[in-house]
Amino acid sequence: MSGNHRDFFERVYELVRQIPAGKVTTYGHIAEALGVRSAARLVGWALHAARFDASIPCHRVVNRRGELTGKHHFATPTLMQELLESEGVHVEDDRVDLARYLWVPPRAEP
DNA sequence: CTATTGACCTTCT
DNA sequence: GAGAAGGCCAATA
């Protein structure tokens, strides 16, 4: 459906909300799904502003290498890993196996 | 108001 | 192969 012409941030929020439990996505894929793969930084900023929003599983978003780069921004540096493992995502060395847990978001409007 | 930074990624040298 | 720079938008100082 159409009609989702909102701010870039809200688009990221909706996409992150659609991430199924036990899966993780990357900033680049979110940015690319929004049609702006160069704006991967904005995704990080969007999540940074969404860290106070418990409705947004920002812990399911990792960088291109699957590293939990934003774990330090959580309430506790281990909260991110705890949440991921709690959902069945095995975290090793602050990293997740993208080949196994990588979830590709549906491409939004072009 | 301008300048700098920021949970990143891609491409060039 | 490794390193450096650029690019995107927003928030903060």
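Residue numbers start from 1 in every chain, and the chains themselves are labelled A, B, ... in the order their sequence lines are given, proteins ahead of strands. All values reported here derive from a predicted model rather than from experimental measurement.
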When you compare the protein's N or O atoms with those of nucleotides 9-13 of chain B, which come within less than 3.5 Å of each other, and at what distance?
unit_1	atom_1	unit_2	atom_2	d
B:dC9	OP1	A:R64	N	2.2

Shorter than 3.5 Å, N or O on both sides, protein versus nucleotides 10-12 of chain C: list them out with atom names.
none

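- Pairing each heavy atom of A:P106 with each of A:A33, the nearest pair is O-CB, 4.1 Å.
- Taking the P atoms as reference points, C:dA5 lies 14 Å from B:dT5, given to the whole Å.
- Across all their heavy atoms, A:Y27 and A:A40 have their closest contact at CB-O, 4.2 Å.
- Judged purely by atom type and a 3.5 angstrom limit, A:T25 uses its side chain to pair as donor or acceptor with the backbone of A:W103.
- Shown here for A:Y13 and A:A49, the closest heavy-atom pair between the two residues is OH-CB, 3.8 Å.
- A:N63 and A:T26 get closest at one heavy-atom pair: O-CG2, 3.4 Å.
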Below 3.5 Å, can you tabulate the donor-acceptor pairs from side chains in residues 50-60 of chain A to any protein atom, sequence neighbours excluded?
unit_1	atom_1	unit_2	atom_2	d
A:R51	NE	A:H48	O	3.0
A:D53	OD1	A:S55	N	2.8
A:D53	OD1	A:S55	OG	3.3
A:H59	NE2	A:E87	OE2	3.2
A:R60	NE	A:E87	OE1	2.8
A:R60	NE	A:E87	OE2	3.3
A:R60	NH1	A:I19	O	2.7
A:R60	NH2	A:E87	OE1	3.4
A:R60	NH2	A:E87	OE2	2.6

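- Think of A:L68 as one node in a network of Ile, Leu, Val, Met, Phe, Trp and Tyr side chains linked at under 4.5 Å; its network also takes in A:V24, A:V62, A:F74, A:L79, A:M80, A:L83, A:L84, A:V89, A:V91, A:V96, A:L98, A:Y101, A:L102.
- Taken residue by residue, residues 97-104 of chain A places no heavy atom nearer than 4.0 Å to DNA chain B.
- With sequence neighbours excluded, the residues forming a side chain to side chain contact (heavy atoms under 4.5 Å, CB included) with A:P77 are A:H72, listed by chain and number.
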